[in-house]
Amino acid sequence: MRNSTSLKQEFLKKWIKGLQVCNSSSEKKMTILERKKAIKLSADIAMASTRNGTTCWSRAVIANATQSNRVVVERILGPHKPSRSVSSVMHKKILKKSRRVCSSRSRRVLMRKRDAVKTRSIVKRLVWKKTQVLKSLVPGGEFMEDEMCLIAETLDYIVSLRAQVDVMRCLATTTELINGK
């Protein structure tokens, strides 16, 4: 996974380009609601395009945006489609650590309990419910069947959202300082 600073810089560059494209594509003066939609669209596309199509969530965000604003998305992303690459080393480390948590030792402890079958079914049901919630939160998550893949995608999505929020906060703070508020 890239460091946070380069991710934020790339997001900011792509977001500014997206805002310029949204602004130039509108011939009339935009209402506040239209501006809000343009800001959200350009931020979503910028965030997803920083991943270069390597994650399911980024491809889902771009696909959803393309359905409603194909011309704007193509102008922001350019003529080429993002390429798919192999998962990063960080994803592999996270997956290895999560597999260790589900070790055979913890399974044996559950099996020794008197009501192991009942406990297991309750846990499975709870995990299933939490997985469904997670799938609904991550773009493209509803199509992921593998829980490990879902967790890796969720972690990557959270890192990208965090970078997006940090850049937007910095921009808002800078704007307030410039305007003297």
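FYI, the numbering just counts along the sequence from 1. Any value given below was found using the heavy atoms of this structure, including those in side chains, with hydrogens, waters and symmetry copies removed.
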Side-chain (Lys14) to main-chain (Ile45) donor-acceptor, under 3.5 angstrom: no
Same cluster (ILVMFWY, side-chain, under 4.5 Å), Met168 and Val165: no
Listed partners of Lys37 passing side-chain hydrogen bond (donor to acceptor under 3.5 Å, both in side chains), at least two apart: none
Residues in salt bridge (Lys or Arg N to Asp or Glu O under 4.0 Å) contact with Lys17, at least two apart in sequence or another chain: none
CG on Asp156 to OG on Ser160, rounded to 0.5 Å: 4.5 Å
In one Ile/Leu/Val/Met/Phe/Trp/Tyr side-chain cluster, 4.5 Å: Leu12, Leu19: yes
Minimal non-hydrogen separation, Ser49 against Glu10, with atom names: O-OE2, 4.2 Å
CG-CG distance between Leu171 and Asp166, expressed to the nearest 0.5 angstrom: 12.5 Å
Trp128 and its side-chain contact (heavy atoms from CB on, under 4.5 Å) partner, picked from Gln132, Arg125, Lys130: Gln132
Interatomic distance, Leu155 atom CG to Thr55 atom OG1 [nearest 0.5 angstrom]: 12.0 Å
Value rounded to 0.5 Å, distance of CG in Leu134 from CD in Glu142: 11.5 Å
Joint cluster assignment, Ile16 & Met47, ILVMFWY side-chain distance < 4.5 Å: yes
Residue pairs fulfilling ring-ring contact (aromatic ring centres under 6.0 Å, His included) with at least one residue in residues 37-63, sequence neighbours excluded: Trp57-Tyr157
Heavy atoms from other residues, nucleotides or ligands near CG of Leu126 exceed 12 (cutoff 6.0 Å): yes
Common cluster, Val61/Leu7, ILVMFWY with side-chain heavy-atom separation under 4.5 Å: no
Non-hydrogen atoms of Cys56 and Met144 that approach each other most closely: CB-CE, 3.6 Å
Min side-chain heavy-atom separation Lys129-Val133 under 4.5 Å: no
Glu147 and Lys135, any side-chain heavy atoms less than 4.5 Å apart: no
Rounded distance [0.5 Å steps], CD in Glu34 versus NZ in Lys29: 12.0 Å
Atom of Ala163, atom of Lys8 and distance for their closest heavy-atom approach: CB-CG, 3.9 Å
Leu77 side, atom CG; Thr66 side, atom OG1 - distance, nearest 0.5 Å: 7.0 Å
Side-chain heavy atoms of Leu161 within contact of Gln164, under 4.5 Å: yes
Over all atoms of both residues, closest heavy-atom pair of Cys22 and Met30: O-SD, 4.2 Å
Cluster check Leu41, Ile62: I/L/V/M/F/W/Y, side chain < 4.5 angstrom: yes
Minimum-distance pair of heavy atoms, taken over all atoms of Ile39 and Trp15: O-NE1, 3.5 Å
